[in-house]
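Everything on this sheet refers to the single structure shown next.
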Amino acid sequence: MSGPALHQSYAEALPDLSVPWRAEAPPDPAVAWLNEDLARELGHDPAWLRGAEGMALLTGQIEGTTAQAYAGHQFGSANPQLGDGRAVLLGDLVDTRGRRRDLHLKGAGRTPFARGGDGRAPLGPMLREAVIGEWLHACGVPTTRALAVLTTGEPIAPRQGTAPEPGALLVRVAASHLRVGTVQYAAWHLGPEVTGELVEHAITRHHPSADGPLGLLEAVARSQAELVAQWMLLGFVHGVMNTDNMALSGEGIDYGPCAVLDEHRRGAVFSSIDRGGRYAYGNQPGIALWNLSRFAEALLPVVDARTPDDAVSQATAVLEGYEGWYRDAYALRLGRALGVDAAPEEVLALGEEVFALLERLRRDHTRSLRSLGAGDAAVLAEDPALAARWRASGGGAGGREIVTPVYVPRNIALEESLRAAHRGDLAPVHEMLDAVRSPFTVREGLEHLEGPGEGTEGFTTFCGT
Ligand code: AMP
Ligand code: MG
């Protein structure tokens, strides 16, 4: 073993919340993409990772790995038994900056939590998760990231379309894999003692200044408010904001049917399974609060209160802060995106009008914000009063940092790159990764990724997380 030591901090601290489990050995593993920068940040030599010992690590052929238990609300309904159905936690390490990070392997074969699933992961969705994570990270958004995507050498049953898909593995790096659904699992199956231990573990690992369960609730609510505010300005649609896909660390996690807005549309839904539009672009801030309310419910038995009613009112009081935390986080970033400098109330009101106009004119979300941020009001030309209001708030004054990226993983371009990967040509997805990993720097040859995107109402993503 070279590089940082791998620990099993989670399994040791909370043995009831995972089971020892080993990934299936893939027949002919090959690296499709290795995140060399992230490897070095972790303390691993990329060349070592590509060698025999490194490949054993990346394919989970090591001692001590586990599958984690969790529950969750999926599309609003409680599911008491979820868990890593096709993934294992490889362990955790302390990176070169002193941060503890989890290594996790998705596509590792069926586990005791697999239910009806085959335990497999197709190449396209694993590359999609890598692209999205790299892009969000490069835009400064807290996120899990891919250390590597590998092909297994085994074709897997097609889920959509006709051709059998290449099987893949995603090696994921995360601050942790503690989810709202992990706390729900503890509360629903294991009782207050384990739930209390889990709360302590989460506090120590992610929110060390939080005081008890209500402190943790507040810290998670604040971090989710920040996270979703950033998603909204980037036009990011997570697509499956179930409580098992909400991390206590505040990182975004599990990018399955996610997409990025081309035209600005509040009601934009891309996921084939989100028929009711529950996880539409414009619903995300409210859904985060809904999930936090389920989190609060799971915490109630460990809230130190004289009566259950008392616990409910204390938790409710904490959650009443969410709207303000969200508004503050959003207004700050919205002001920067619009290139203005005004009081939050004015920025929010201006933003509402700008977005209504963009939606009416079917304008590209990213390009419109980028040009406004750069001081160009052409996109507001249809509404001179609005353009004047933008100017009165400091729009066009110049000298401001542009916070909207040039390159976003455009739906159609990303889809095409994944289809090429499916056929064995990795060049387009490598190009996409190059573009989105430095999303603010305009480069020659990448014009086709600058948009405006063509993927609008008809574009659909499939789950496969
Ligand atoms: P998500 O797509 O992240 O909402 O996953 C929901 C649940 O389904 C998780 O418990 C996953 O582990 C599980 N799951 C998804 N795909 C598979 C699969 N192919 N085999 C086994 N479990 C799966
Ligand atoms: Mg998930």
Side-chain angles (χ1 to χ4, degrees), residues 132 135-143 217-239 241 246-247 249-252 258-261 263-269 278-293 295 318-359 363-374 379-380 386 389-390 392-395 400-405 408 439-440:
I132 297 294
W135 175 65
L136 288 170
H137 173 74
C139 293
V141 183
T143 179
L217 177 62
E218 174 170 338
V220 173
R222 283 179 182 273
S223 66
Q224 287 295 328
E226 287 283 337
L227 177 66
V228 176
Q230 295 185 67
W231 286 356
M232 294 301 283
L233 286 157
L234 286 171
F236 177 68
V237 186
H238 182 284
M241 285 178 72
M246 185 184 256
S249 64
E251 287 182 342
C258 59
V260 185
L261 292 181
E263 287 176 2
H264 181 87
R265 266 190 309 130
R266 276 195 70 76
V269 178
R278 179 182 173 87
Y279 299 135
Y281 167 71
N283 288 354
Q284 296 182 115
I287 285 292
L289 178 58
W290 192 91
N291 289 347
L292 290 163
S293 306
F295 181 38
V318 172
L319 289 181
E320 275 165 4
Y322 172 83
E323 215 171 296
W325 298 323
Y326 176 76
R327 204 178 42 235
D328 291 350
Y330 181 70
L332 179 73
R333 293 189 157 80
L334 175 63
R336 291 184 192 144
L338 295 174
V340 299
D341 184 11
E345 291 311 321
E346 174 55 18
V347 171
L348 291 168
L350 184 65
E352 217 166 285
E353 281 196 41
V354 168
F355 286 129
L357 180 70
L358 297 186
E359 179 148 4
R363 290 297 162 82
D364 189 77
H365 175 92
T366 305
R367 283 177 69 123
S368 302
L369 285 186
R370 186 158 169 97
S371 58
L372 286 169
V379 69
L380 306 181
L386 181 55
R389 189 171 178 183
W390 174 78
S393 296
R400 297 211 168 89
E401 188 195 351
I402 301 179
V403 295
T404 303
V408 312
F440 296 97

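For the single chain, residues carry numbers from 1 onward in sequence order.
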Would you say [X] and [Y] make side-chain contact, with heavy atoms under 4.5 Å?
{"X": "Tyr330", "Y": "Leu348", "value": "yes"}
{"X": "Leu292", "Y": "Val220", "value": "yes"}
{"X": "Ile287", "Y": "Arg278", "value": "yes"}
{"X": "His238", "Y": "Trp231", "value": "yes"}
{"X": "Leu234", "Y": "Val141", "value": "yes"}
{"X": "Phe355", "Y": "Arg363", "value": "no"}
{"X": "Gln224", "Y": "Trp325", "value": "no"}
{"X": "Gln230", "Y": "Pro142", "value": "yes"}

Give, for atom [atom1] of [X] and atom [atom2] of [Y], the distance between the pair rounded to the nearest 0.5 Å.
{"X": "Met241", "Y": "Cys258", "atom1": "CE", "atom2": "SG", "answer": "12.5 Å"}
{"X": "Leu386", "Y": "Glu353", "atom1": "CG", "atom2": "CD", "answer": "5.0 Å"}
{"X": "Glu263", "Y": "Leu358", "atom1": "CD", "atom2": "CG", "answer": "10.5 Å"}
{"X": "Leu338", "Y": "Arg333", "atom1": "CG", "atom2": "CZ", "answer": "14.0 Å"}

Salt-bridged, Arg336 to Glu401, with N to O below 4.0 Å? no
Going by an N to O cut-off under 4.0 Å, is there a salt bridge joining Arg222 and Glu226? no
Of the non-hydrogen atoms in [X] and [Y], which two are nearest, and what is the gap between them?
{"X": "Arg389", "Y": "Ala349", "result": "NH2-CB, 3.3 Å"}
{"X": "Pro285", "Y": "Tyr322", "result": "O-OH, 2.8 Å"}
{"X": "Val379", "Y": "Ser368", "result": "CG2-OG, 3.6 Å"}
{"X": "Leu369", "Y": "Leu233", "result": "CD1-O, 3.5 Å"}
{"X": "Glu346", "Y": "Ser393", "result": "OE2-OG, 3.5 Å"}
{"X": "Val237", "Y": "Ala268", "result": "CG1-O, 4.3 Å"}

Donor-acceptor check, side chain of Gln284 to backbone of Tyr279, threshold 3.5 angstrom: yes or no? no
Between Asp341 (side chain only) and Gly394 (backbone N and O only), is there a donor and an acceptor less than 3.5 Å apart? no
The single option from Ile402, Val340, Val354 that satisfies side chain to side chain contact (heavy atoms under 4.5 Å, CB included) with Leu372 is Val354
Going through the distances and angles, do Val408 and Leu261 end up as a side chain to side chain contact (heavy atoms under 4.5 Å, CB included)? CA-CA 9 Å; Val408 312; Leu261 292 181; over 6 Å; no
Over 60° means perpendicular and under 30° means parallel, so classify the ring planes of Tyr281 and His365, tilted if in between. perpendicular
Test side chain to side chain contact (heavy atoms under 4.5 Å, CB included) applied to Leu227 and Phe236, step by step: CA-CA 11 Å; Leu227 177 66; Phe236 177 68; over 6 Å; no
